[in-house]
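Comments concern the structure below.
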Amino acid sequence: MQLEEQTKALALNAAQKQAVEATEGPLLVLAGAGTGKTLVLINRIVHILQQNKASHSQILATTFTNKAANEMRIRIFNMHPYQLPWLGTFHSIASKILRINAAAANLSENFSILDADDQTKLVKIIMSDLNIDSKQFNPKIVAATIQRWKDISLGPDQVTNTDLKSEFQRVSFRVYKVYQSKLSLMDAVDFGDLLLKNIEIFRKNAAILESYQANFKYLMVDEYQDTNTAQYIWLRMLAQPRHNICCVGDDDQSIYGWRGAEVGNILRFEEDFQEAQIVKLEQNYRSTGNILKAASSLIANNNMRHGKTLWTEAKSEGKVVIKSCWNDKEEANFIANEVKLSGRVNNTTMNKNTILVRAIFQTRIIEESFINHLIPYKVIGSLKFYERQEIKDILAYIRLSVKQNDDLSFERIINKPARSIGKTSIQKIRDVANDTYISLFSAAEHILVNTNLLGNKTRNSLKAFLNLIKKWQSEFQLLNHVEMAKRIIEESGYKDMLSREETVESSTKLENLRELTKALEDFSNITEFLEHISLISDNDSRAKPEDVVNIMTLHAAKGLEFDTVFLPGWEEGLFPHPKAIDEMGQKGLEEERRLAYVGITRAKRKLYISYALSRRMYNQWNNPLPSRFLKEIPRECCLVIEGSSNSRY
DNA sequence: CGCATGACGATTTTT
DNA sequence: TCGTCATGCG
């Protein structure tokens with residue numbers, strides 16, 4: 001497809017079209033749901049590719065989500081024989097740059113990347129070393145606090161007193177300093193570091209920055225409303241000399257503020273790049289009139305927004321159904337019945353329906369109802385392949401074999417399967433490691449050779465364990481990674497451990513391990529594979545379309561669209577979620593409203609919003625009021641169905 | 001050291 | 001309610 005056709009498909013007006021096609025200078029596109037934002041970006045890329053056939057490698061396209069990146073890759077690859085190595089998420093591109101310049105950041109080129117789980121574990125260990133009570137200070141929240149600092153580009157040296165107002169922040173800061181030094185000792189980085197280390201390298205080495213500035217002639221960003229401050233700084237550095245930057249985003253769809261996303265980046269963009277052309281895409285191609293009206297009226301209640309008026313040429317068709325239910329169970333059954341009905345009457349397939357919930361616990365009662373009604377369903381995002389225990393365990397074996405100073409992997413598997421190396425022994429190893437600033441692996445070796453700290457039984461099994469790792473390490477030089485994974489699963493005793501259990505769970509785990517070795521075949525070496533799994537999001541592995549009803553959180557639904565959307569649980573105390581308001585006040589409420597907006601605008605043709613007058617939460621019966629958001633949807637585009645009792649809406 | 005038992009606590013969203 | 005964590009015993 002040519003650029004011309006694609007642009008037509010978007011039906012931009014003349015001015016918009018001109019701006020979108022402009023190849024030089026910054027461009028900020030604000031788009032409403034369903035206007036094909038990613039398509040706008042693709043158009044730009046295609047356009048540039050057509051104009052500079054020889055210089056394709058000079059284009060950097062970053063997107064926040066892998067979904068969008070993949071979509072682009074597929075469409076562009078189909079049209080062009082070029083490779084686009086610099087097309088990916090902020091994290092994947094930053095990681096690539098960091099590996100190339102690892103030495104400048106005092107890292108080895110195969111540094112490891114911690115995931116959220118690893119971070120929390122590390123924080124926990126540090127807190128116990130520092131004698132900080134993890135009951136009083138939840139390690140998860142400490143880790144999150146550190147992460148938020150990284151989001152706004154504050155390293156341990158840049159945190160100032162204004163960032164240390166609460167006791168919690170002061171404690172987190174103490175942990176942060178140790179955490180960061182532990183990371184460098186481990187030759188590891190976390191997600192935030194990928195960006196921070198880039199920025200640090202760019203600041204310290206003008207030549208390196210200039211080489212990337214020269215190489216990336218054009219920068220493009222999708223889902224711009226989700227960028228955080230660190231990402232913005234990084235972008236601005238790269239865009240500096242040329243100002244060839246194009247960002248696409250929708251401020252009304254910013255739902256990741258709690259993760260450090262900064263809507264203000266959209267406003268700052270206009271300040272930093274004053275020559276920016278701003279294009280508003282207000283025609284919506286996705287939803288029917290009533291759905292769009294509901295969404296627009298709702299979001300108009302927000303103050304912190306650019307403001308845009310969506311319109312559509314689509315007919316209004318049916319109205320938005322608002323259903324009042326006696327309790328959560330009735331709500332679930334209502335959804336199940338409607339799904340079944342639509343299947344029978346309109347002969348639609350199951351996967352055209354989707355249920356979007358605010359909190360993951362809401363899925364349970366819906367699942368129960370679907371099971372009773374024999375409706376096939378799938379909960380998206382709850383089970384993540386690479387986050388499963390057995391997978392992470394085997395990966396830890398692999399990591400440790402490749403890199404002996406991977407302390408987190410060491411801790412993870414030292415006694416799994418049980419080889420009678422218990423807590424006290426591990427603490428002894430930790431102490432030695434801490435005192436002499438060496439890795440746990442080296443500390444363990446040291447203890448075996450030079451001390452009598454451990455009992456005989458433990459000594460022997462520790463020795464066997466270390467030897468096993470060393471054996472695998474040398475075998476990695478000779479054998480390919482798939483074969484190695486198979487060996488490790490066998491020789492670690494992990495397979496036997498699972499086989500002995502003989503439960504349903506253990507056999508799925510074994511199945512997953514086979515799946516893992518299969519996945520390995522797609523990569524040419526183990527480093528590539530480890531890099532891949534640290535950076536992919538789980539959405540990407542959702543490739544096979546199944547004819548089942550999808551159930552997922554509102555957050556997971558961003559960027560997707562469905563014929564029919566159910567939005568259950570619109571109640572005070574659940575949606576807007578009180579915690580969001582507690583923590584962020586008005587800002588939090590507005591983000592909740594944007595979340596509602598995202599939910600509504602996922603629907604192409606039919607939308608159901610429901611609430612229960614009685615719901616069991618955490619084993620307690622609540623009698624919530626209908627959500628305040630319901631009152632913000634105009635009655636004339638709704639069809640209100642009363643429940644079996646008096647509705648309070 | 002490993003297992004069992006009981007108490008207790010925490011329940012938003014995740015690249 | 002469920003799952004995690006600490007404690008205590010064999």
Side-chain angles (χ1 to χ4, degrees), chain A residues 62-69 88-95 113-117 119-120 124 128 133-136 138-141 143-144 147-148 150-151 190-195 223 226-228 230-231 254-261 356-365 380-382 384 386-387 414-428 454-458 461-462 533-540 552-559 569 573-584 588 591-592 594-596 598-599 616-621:
Chain A
T62 62
T63 74
F64 194 69
T65 65
N66 272 299
K67 243 179 300 172
T89 64
F90 277 94
H91 289 301
S92 68
I93 291 170
S95 161
I113 303 170
L114 270 60
D115 64 19
D117 212 44
Q119 284 173 39
T120 315
K124 238 186 217 163
S128 96
D133 182 12
S134 60
K135 284 246 171 74
Q136 201 183 345
N138 182 337
K140 248 191 192 153
I141 303 178
Q147 215 48 47
R148 291 297 81 77
K150 293 194 173 188
D151 288 337
D190 60 21
F191 268 106
D193 280 346
L194 291 173
L195 268 301
E223 303 285 9
D226 291 331
T227 51
N228 64 34
Q231 288 164 336
S254 166
I255 53 173
Y256 285 107
W258 52 273
R259 203 174 63 190
L356 305 180
V357 296
R358 176 63 184 90
I360 200 72
F361 76 82
Q362 289 176 263
T363 60
R364 199 160 99 194
I365 192 143
I380 307 275
S382 60
K384 298 185 178 173
Y386 292 115
E387 281 172 17
I414 176 72
N415 203 28
K416 208 168 179 183
R419 38 176 82 85
S420 53
I421 304 172
K423 269 183 213 150
T424 38
S425 306
I426 294 173
Q427 191 53 49
K428 282 175 190 163
L454 301 174
N456 252 337
K457 194 176 163 203
T458 316
S461 58
L462 182 61
I533 57 164
S534 320
L535 296 171
I536 51 147
S537 74
D538 224 57
N539 287 344
D540 307 328
M552 66 186 95
T553 63
L554 286 159
H555 284 88
K558 204 165 73 109
L574 178 57
F575 193 33
H577 201 285
K579 280 216 166 162
I581 302 174
D582 284 352
E583 281 162 24
M584 308 279 282
E591 182 151 313
E592 291 290 298
R594 290 194 290 270
L595 201 48
V598 167
R616 209 171 61 181
M617 281 165 91
Y618 327 125
N619 201 31
Q620 218 169 243
W621 283 99

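Just so it is clear, the values below take in all heavy atoms, side chains as well, and ignore hydrogens, waters and symmetry mates. We name chains A, B, ... by the order of the sequence lines, and we start the count at 1 in each one.
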Worksheet item: Is the backbone N or O of A:Asp190 less than 3.5 Å from a side-chain atom of A:Gln119, with the two atoms forming a donor-acceptor pair by type?
Response: no

Worksheet item: Can you give the dot-bracket line for DNA chain C, where a pair is Watson-Crick or G-U wobble with both atom distances under 3.5 Å, crossing pairs use [ ], and | marks a partner on another strand?
Response: ||||||||||

Discussion item. Centroid distance below 5.5 Å plus an interplanar angle below 30 degrees: do A:Trp258 and B:dT13 meet both conditions?
Written reply: yes

Practice prompt. Heavy atoms only: give me the nearest A:Ala557-A:Leu356 pair and the separation to one decimal.
Written response: CB-CD2, 3.5 Å

Worksheet item: Are A:His555 and A:Trp258 close enough that their ring centres sit under 6.0 Å apart?
Response: yes

Item to complete: State whether the aromatic ring of A:His555 stacks on the base of B:dT13, taking stacking to mean ring centres under 5.5 Å apart and ring planes under 30° to each other.
Response: no

Item to complete: Without swapping roles, check the side chain of A:Arg419 against the backbone of A:Ile414 for a donor-acceptor pair under 3.5 Å.
Response: yes

Worksheet item: So, does A:Asp226 use its side chain to make a donor-acceptor pair with the main chain of A:Ala261 at under 3.5 Å?
Response: no

Discussion item. Need to verify one output field. Residue with the more 5' nearest nucleotide on DNA chain B, A:Lys457 or A:Gln119?
Written reply: A:Lys457

Discussion item. Given the structure, check if the side chain of A:Arg358 and the base of B:dT12 hold any donor-acceptor pair shorter than 3.5 Å.
Written reply: yes

Discussion item. Between the base of B:dT15 and the ring of A:Tyr256 - centre-to-centre under 5.5 Å, planes within under 30° - is that a stack?
Written reply: no

Worksheet item: A:Leu554 versus A:Phe575: any side-chain heavy-atom pair under 4.5 Å?
Response: yes

Worksheet item: Who passes salt bridge (charged side-chain N to carboxylate O under 4.0 Å, His left out) against A:Arg148, sequence neighbours left out?
Response: A:Asp151

Worksheet item: Which letters describe nucleotides 1-10 of chain C, given B = protein heavy atom under 4.0 Å from base, S = only from sugar-phosphate, - = neither?
Response: B---S-B---

Discussion item. Can you work out whether A:Ile141 or A:Gln147 has the more 5'-proximal nearest nucleotide on DNA chain B?
Written reply: A:Ile141

